[in-house]
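Note that the coordinates shown come from a computational prediction; the quantities given were computed from them, not determined experimentally.
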Protein chains: 2
Amino acid sequence: MALSGEYQERYGLDIPEWRVLATLGFRNDACSAQYISDCTRTHKSTISRAVMTLMQRQIVERVENAHDRREFRLRLTKEGKTLYQELIPRLLRKEREILSCLTAQERKELACLLGKIEKSLDLVQTRQEADTEQAY
Amino acid sequence: MALSGEYQERYGLDIPEWRVLATLGFRNDACSAQYISDCTRTHKSTISRAVMTLMQRQIVERVENAHDRREFRLRLTKEGKTLYQELIPRLLRKEREILSCLTAQERKELACLLGKIEKSLDLVQTRQEADTEQAY
DNA sequence: CTAAATTAGTCGCATCTGCAACTATCTTAA
DNA sequence: TTAAGATAGTTGCAGATGCGACTAATTTAG
């Protein structure tokens, strides 16, 4: 959608890469690839590849986890944090632009309604074994 | 999303194929591939391939347009109409299921809010030369 | 009328991304 | 303790789809 142009065209990030960046930046703390996969509902192979690319671009780094040597702790590098901080205001501005056709009250209502649906869908999905997300 | 499972798993239709079927079924009248491409915001090559598949499955048929021999008039076959009529109630039921967490009043509000955003986005998009649609 | 520009549709190509198999590691149960 | 099962992450593969070039037909401008 309109938002993705902001990070894709301007920063050369594809969608999974943005998801990794956003998750790490939002949490501001190390986490596993599996965690990112879970909370963005993106297949772990896709996240794996996005992490590889971001490591090559020195946006993300990973360190071994001494307690579980299967997984890695992922976190943003200095450059990664800078990139994240640079992107956030742009995206918020874009979001405001998109929602500018609604009043403050309407925006609040919309968030509330979508929240309800999301909550209800999450139940359904976990109940019947995670659907693949697809648009329309 | 949850809806697509209905036509994908049950009827072997992928998303572009469903879009063709839905457009032709909804209009209940012949139209060009370009028209479908426009109103579903799907690239014409994708629509072209979907139409090919649907023709092989005898769901869609096309006839030459005497007035413009570049384009074809597309329409559903008898089987196509049957399939469409069979799918509609299933999809509506699914939609009701998804929206069942909202009251009637809330559903109306949601439709209204989304309508406003869509309208506003359409203007923006045509102004800056059709973004590619992408989810988050 | 003719040449350039536009439009409908097709096709090759590249990219994206999910699936499933695989390795390595960890956990659980007998 | 050991064997079976679960889990994290990687990779080969295949399907889906957008892009751009191409052909054929039509429209527009000079």
Side-chain angles (χ1 to χ4, degrees), chain A residues 1 4-5 7-9 12-20 23-24 30-56 60-75 125 129-136, chain B residues 1 4-5 7-9 12-21 23-24 30-57 60-75 125 129-136:
Chain A
M1 78 162 154
S4 61
Y7 49 80
Q8 291 189 334
E9 281 141 45
L13 294 171
D14 64 21
I15 294 172
E17 283 158 17
W18 158 246
R19 288 178 178 167
V20 172
T23 307
L24 291 175
C31 68
S32 70
Q34 185 57 51
Y35 175 85
I36 300 179
S37 182
D38 284 343
C39 67
T40 63
R41 298 164 214 264
T42 305
H43 196 272
K44 59 183 181 168
S45 63
T46 305
I47 296 297
S48 173
R49 281 183 270 254
V51 168
M52 288 301 176
T53 309
L54 292 175
M55 288 203 301
Q56 279 163 8
V60 159
E61 64 191 0
R62 70 183 191 183
V63 298
E64 286 198 1
N65 178 347
H67 295 298
D68 186 339
R69 281 160 48 228
R70 289 172 306 182
E71 78 170 39
F72 299 95
R73 312 298 299 168
L74 301 169
R75 51 178 200 200
Q125 286 203 341
E129 213 53 81
D131 260 38
T132 315
E133 286 287 327
Q134 281 289 16
Y136 180 48
Chain B
M1 78 161 156
S4 60
Y7 49 81
Q8 291 190 335
E9 281 140 46
L13 295 172
D14 65 21
I15 294 172
E17 282 158 18
W18 159 246
R19 288 178 178 165
V20 171
L21 178 65
T23 306
L24 291 175
C31 68
S32 70
Q34 185 58 51
Y35 175 85
I36 300 178
S37 182
D38 284 343
C39 67
T40 62
R41 297 162 215 264
T42 305
H43 195 273
K44 60 183 182 168
S45 61
T46 305
I47 296 299
S48 172
R49 282 184 271 255
V51 167
M52 288 302 176
T53 308
L54 292 175
M55 286 201 303
Q56 278 162 9
R57 290 182 59 186
V60 159
E61 63 190 359
R62 70 183 192 185
V63 299
E64 287 197 1
N65 179 346
H67 295 297
D68 186 340
R69 280 159 50 227
R70 289 171 306 179
E71 78 171 39
F72 299 95
R73 312 297 298 167
L74 301 169
R75 50 178 200 201
Q125 286 202 340
E129 214 52 82
D131 260 37
T132 314
E133 285 287 329
Q134 280 293 14
Y136 175 58

Record whether the side chain of A:Arg49 comes under 3.5 Å of the base of C:dG18 through a donor-acceptor pair of N or O atoms.
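Under the 3.5 Å cut-off, the side chain and the base do form a donor-acceptor pair.
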
Give a yes/no answer on whether the side chain of [X] brings an N or O atom under 4.0 Å of OP1 or OP2 in [N].
X: B:Arg70; N: C:dT7; result: no
X: A:Ser48; N: D:dG9; result: no
X: A:Arg62; N: D:dT10; result: yes

Considering non-hydrogen atoms only, spot the tightest contact between B:Leu54 and B:Glu17 and give its length.
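Closest approach of B:Leu54 to B:Glu17, heavy atoms only: CD1-O, 3.7 Å.
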
So which heavy atom on A:Thr42 is nearest to which on A:Ser37, and how close?
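Nearest pair, atom of A:Thr42 first, then A:Ser37: O-OG, 2.5 Å.
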
Select one nucleotide: of [options], the one nearest the side-chain heavy atoms of [X].
X: A:Lys44; options: D:dT10, C:dT10, C:dG18; answer: D:dT10
X: B:Thr46; options: C:dT17, D:dG9, D:dT17; answer: D:dT17
X: A:Asp14; options: C:dC26, C:dT17, C:dG18; answer: C:dT17
X: B:Glu71; options: C:dG18, C:dG9, D:dG18; answer: C:dG9

On DNA chain D, check which nucleotide each of A:Val51 and B:Asn65 is closest to and give me the residue with the more 5' one.
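Upstream on the strand: A:Val51.
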
So, do A:Ile47 and A:Thr40 sit near enough that their side-chain heavy atoms are less than 4.5 Å apart?
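Result yes, sub-4.5 Å side-chain heavy-atom pair found.
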
A:Arg73 and A:Glu71 ion-paired at < 4.0 Å:
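A:Glu71 and A:Arg73: salt-bridged.
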
